[in-house]
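First up is the structure itself, then whatever we jot down about it.
Predicted model, so just to flag it, every value in this text is computed and none were measured. Excluded from the calculations below are hydrogen atoms, water molecules and symmetry mates; all remaining heavy atoms, backbone and side chain alike, are included. So you know, we letter chains A, B, ... as the sequences are listed, proteins then strands, and number each from 1.
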Protein chains: 2
Amino acid sequence: MPRVTLNDVARVANVSAITVSRVLRHPDQVSEEKRKRVMAAVQKLGYVPDLAASRLASSRTHMVGVIVPTLYNVIFADYLLGLHEILVPAGLQVVVVNSRYSQDEEEAAVKTLIGQRAEAIVVAGIHHTALARRLLARSHMPVVETLELTDRPLGLNVGFSQQSAAAEATRRLIAGGRRRIAFFLGQLDDRAMARQAGYRQAMAEAGLDETIVQITGLSSVRLGSALLSRLLEDAALPEAIFCIDDNVALGVLQECRKRQIRVPDDVAVVGFHDLEFAACLSPSLTTVATRRYETGRVVAEKLVDAILGGTALKPAQIDLGFEIVARESG
Amino acid sequence: MPRVTLNDVARVANVSAITVSRVLRHPDQVSEEKRKRVMAAVQKLGYVPDLAASRLASSRTHMVGVIVPTLYNVIFADYLLGLHEILVPAGLQVVVVNSRYSQDEEEAAVKTLIGQRAEAIVVAGIHHTALARRLLARSHMPVVETLELTDRPLGLNVGFSQQSAAAEATRRLIAGGRRRIAFFLGQLDDRAMARQAGYRQAMAEAGLDETIVQITGLSSVRLGSALLSRLLEDAALPEAIFCIDDNVALGVLQECRKRQIRVPDDVAVVGFHDLEFAACLSPSLTTVATRRYETGRVVAEKLVDAILGGTALKPAQIDLGFEIVARESG
DNA sequence: TTGAAAGCGGTACCAT
DNA sequence: ATGGTACCGCTTTCAA
């Protein structure tokens, strides 16, 4: 199946190859007559330019690579939307690669994106394999690490302190008079680890004992339900439960309902992320609002400046912060 | 910033360029001594092959393009996971492009993917612009349409009948003695339209009046809550509410709780998709289970056969069906 | 096992 | 405004 090439179009339109190329990229540099002939030929043949050839000749790919650990979590959808909304209108394509919470898959993704000669790489998180770090550092391309803060950024770093956010939320519960506060989580990925550290820090500051309940697995509503059941198997109900995220918190709320446990009277429940449903649950969910969408936008704006301006991305750290949103659940 | 090329590696390793290429792709065809020298040079220089050049020379891209309308809906995460799990081990890269529920953006995505010379295109849905259809038909590449069934498939078609599923769920409510049944939805995308048609069909069959409440927007928990509030502004509570999906259903359940409306005693609530949380809500949610993950796997298996086997994708229609899951809510 | 040369499909550069 | 030519970085012959 012979593919339609620039030369095929040129032959049909009876012009040179370069003229076809110009019609497609700078139509105003070509006379109207030839332009029409070329466009007609393009239509007729169903010609679509080969981006690999274009990239090889021009060394432009118009492509930004974005590595995320999962697509199961709405927070990444928010974040990708923010990136998308700025990059696409600027003529840059967003290529999403899923690393499935594996540093090795992340390394593979980095190789792929460098191999594709992406014009920038945006990666969620700050922990990478040594080789991935080395490749990114050498790649001479703009690199952005997001959603956490790091002391040794590879380039730009936009996010917030997961640990401070968790510590702050825990301190608030303590200030509200709750003493026995449990921390519920699923898998211990980087961000979960940072939040757990924040919880432990706040508990230690107040001289309180930790209660950490973990069942490995992606965070989910079902997981929240299971975590509460697990805890109640061999312990009394705590005064508060701080959940790794809102999905888990929703599961806890459902399980409380099933067991006739009153929230917040019997137990306070706090989530993380302020997903869209948090405000309209009954009771509404107290949580930590994070700025995923803004993160995407800020990153994208910096990248557009750097890529289209042809300047290097200035290394910097941008802390977008977080906010504790107090609602009915605790 | 001069990029490291195959020739740079060859020079450092003191071999020819083609030998470096062989070491990277067919290591067993090269003597151990040279192989070691080459690998050392690759490491030292941080060489990453240019995929555009490779593609141009070999006409293989190892890339499958997948177009989805949104990343906000977990059903697409399930579906992508199924695709991922088969394609990646087979050495094929999954490139996800978001069309944001726009046929024009879908057409742009098709152009991009054809331009990238993806080895196959998988698109969610069966409605496309005329040009997108034409380009796909001409592209000579395997094309798969998913998650719905169509009479005129472009190639392979894997999914289920959204309309039948919705009609079936509605009939079940009717059979349970419910008469005044409302249908709640957000935006009227293709799949929403098909489900609405199923609801109307079942209501018409039974000679019942329709009550359709719509507020444009992505489906969400908040939307479900708003839809019930809207309905109750100028109508009595119906006997049942069939929601466009489980998120909306969850919103309805929360709003019911807030208003002290008992489910299923006062009103039955039915969702769509059987998302992970449906089973552990209280009351648990009756819904229509759909097979997103299996869809992804089946599609991927067929593609692997076609691409690696070098055979054309046999046009066919695969109906994966659906299942009504009766739980406490209705 | 190894290498030289041609060429994949475009674009940059320089003429005309 | 238009075209000729070299070349982007790699792989595919084909020969040695």
Under the 3.5 angstrom rule, does the side chain of [X] hit a backbone N or O of [Y] as a donor-acceptor pair?
| X | Y | answer |
| --- | --- | --- |
| E145(A) | L154(A) | yes |
| T295(A) | L147(A) | no |
| N7(A) | A17(A) | no |

Contact letters for nucleotides 4-16 of chain C, in which S counts primed atoms plus P, OP1 and OP2 and B counts the base, heavy atoms under 4.0 Å = ---BBBBBBB---
Would you say T19(B) reaches dG3(C)'s phosphate, i.e. side-chain N/O to OP1/OP2 under 4.0 Å?
-> yes
Among the nucleotides dG3(C), dA1(D), dG3(D), whichever has the atom closest to the side chain of K34(B) is dG3(C)
Taken to the nearest whole Å, CD1/I114(A) to C1'/dG9(D) is 17 Å
d(CZ, R60(B); P, dG9(D)) in whole Å | 23 Å
Going by an N to O cut-off under 4.0 Å, is there a salt bridge joining R11(A) and D8(A)?
-> yes
Decide, yes or no, whether a salt bridge links D78(A) with R291(A) under the criterion of side-chain N to carboxylate O below 4.0 Å.
-> no
Between V88(A) and L92(A), is a side chain to side chain contact (heavy atoms under 4.5 Å, CB included) present by the stated rule, with each step listed?
-> CA-CA 5 Å; V88(A) 171; L92(A) 294 165; over 6 Å; no
